[in-house]
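Okay, structure first, notes after.
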Amino acid sequence: MEAVIGLEIHVQMTSLKTKLFCRCPADYRGAPPNTHVCPVCLGLPGALPVVNREAVKKAVMLALALNCRHIAEKVVFSRKHYFYPDLPKNYQITQFKGGGGAPIAEDGYLELLQGGGVRRVRIRRINVEEDPGRLVYTEGDITSSPEVLIDYNRSGIALLEIVTEPDLRSPKEARLFLEKLRAIVEYLDIADLSLEGSMRVDANISLPGGARVEVKNIGSVKEVEKALSYEVVRQRALLSRGAAIGRETRHWDPLRGVTRPLRVKEEEEDYRYFPDPDLPPIPLPRELIDSAVAMLPELPDARMRRFVEEHGLSRELAYALAMDKRLADFYEETLKRFWAPRLVAVMLAVDYLGFLEKNRLRMGEDRLNPDLLAKLARLVEEKVITPEQGKHLLFRVAREGVDPVEIVEREGLKALRSEEELRRIVERVVEANPKAVADAARNPKAVNFLVGRVMRETRGRAEPRLVRRLVVEELRRRGVEVGE
Ligand SMILES: [Zn+2]
């Protein structure tokens with residue numbers, strides 16, 4: 001049973017210095033509550049908004065990157081009215097199609113690479129709008145907290161709202177879409193989406209025979225996949241019992257991993273949209289579009305293709321790197337110092353990411369840098385150390401920031417290349433472990449045990465595959481037949 005999924009994504013433009021309509025600093029994280037405020041973003045009478053030109057330019061860049069066929073000729077802002085404590089003016093300045101208003105861009109698409117094919121997900125529109133204030137629930141969440149605090153530092157922060165057509169067919173596809181959108185936003189230097197609350201997603205989902213259910217305010221890409229998967233199971237169970245699914249809005253509780261009913265959905269006319277008289281329509285200057293075009297960087301898909309075609313990476317490796325701008329930059333910086341694309345790609349996308357995840361670190365919180373990684377890659381590529389040693393050394397370099405060349409020199413870690421020398425160690429180990437030798441014909445674990453002993457004798461400086469071959473040869477020489 002295929003799901004029909006559409007997404008509405010809010011991205012804070014965290015790279016801007018100021019809010020959307022005033023000069024308050026945009027970086028509100030960590031600031032004491034209600035200190036980054038002024039008459040404009042507090043909605044005091046008589047205060048007049050002035051639009052942030054840089055925000056409009058970033059929106060145009062995103063529209064170009066998302067292949068929007070229609071970019072507005074005039075920037076028009078509308079008021080969306082609702083009464084809620086996070087909104088000091090009782091309306092939000094946003095964009096709206098109709099009644100004289102228009103989104104900044106419409107009719108785009110984003111392509112997903114899916115099992116060899118390409119899936120096109122249509123973008124309905126992109127809006128520029130202001131973030132409401134932040135509600136702080138002192139205990140639990142919106143459904144359980146006994147009191148609510150309000151912080152207007154977030155009020156008026158520039159947001160991009162990206163709305164897709166209901167073109168996604170599974171929770172996984174929704175995740176892939178968001179991963180790519182996130183990458184594009186970071187490539188365009190619109191936002192650092194690792195910041196908490198910088199990307200928030202509303203998802204709507206329906207199954208055949210059921211109405212559309214909206215899940216509000218999901219905080220991360222992974223959570224979107226989880227929330228949608230939960231909804232698929234919940235809705236399928238209801239439908240299979242013959243129960244009806246009505247149109248409703250639900251809230252995702254990431255701690256319990258469930259969605260819960262929130263409120264009855266408003267219809268659009270409830271918001272009484274009309275163009276904001278404080279912000280007369282501004283023609284979008286030609287030179288602003290030109291400079292947005294000129295500033296468009298290489299985007300994730302193009303970079304991935306380049307990694308495959310020019311660096312000889314597999315599609316999986318190229319994807320893992322290209323979808324993470326900082327990782328891809330790190331990779332290319334390393335290659336400038338030492339050219340070994342496949343080796344460096346594996347070291348970063350597999351070993352290094354594994355290290356970060358295991359230690360719950362984010363990039364930059366460890367001590368690896370392109371200089372050190374290039375030295376390490378050279379040691380492996382020139383066979384001074386084995387790939388296995390390289391991996392262990394990478395963990396150490398990332399933890400301690402030490403120079404791998406110096407460590408190898410100082411601690412005598414050069415790989416044991418001489419088969420002669422290795423053979424002598426193998427003979428010694430086999431001689432010293434008669435029980436394992438006796439077991440080896442029946443029990444493959446006994447062979448592993450001997451290989452492990454030899455690896456320990458060499459302090460990990462030998463190639464495990466070579467050691468295994470020599471151990472098997474030595475056993476055969478002694479009349480013990482073992483499988484390879
Ligand atoms: Zn302000």
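Atoms within each ligand, like the ligands themselves, are counted from 1 in listed order.
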May I ask you to check if any N/O/S atom from H36 comes under 2.8 Å of the Zn ion (ligand 1)? no

Atom CG of L188 and atom NZ of K57: how far apart are they, to the nearest 0.5 Å? 12.0 Å

Which angle, to 10 degrees, forms at the Zn ion (ligand 1) with SG of C41 on one side and SG of C38 on the other? 110°

Does E333 pair with K336 as a salt bridge, N-O distance under 4.0 Å? yes

Who pairs with Y331 by ring-ring contact (aromatic ring centres under 6.0 Å, His included), at least two apart in sequence or on another chain? F307, H311

Looking from the Zn ion (ligand 1), what is the angle between SG on C24 and SG on C22, to the nearest 10°? 110°

Strictly below 4.0 Å, N to O, side chains only: are K325 and D192 in salt-bridge contact? no

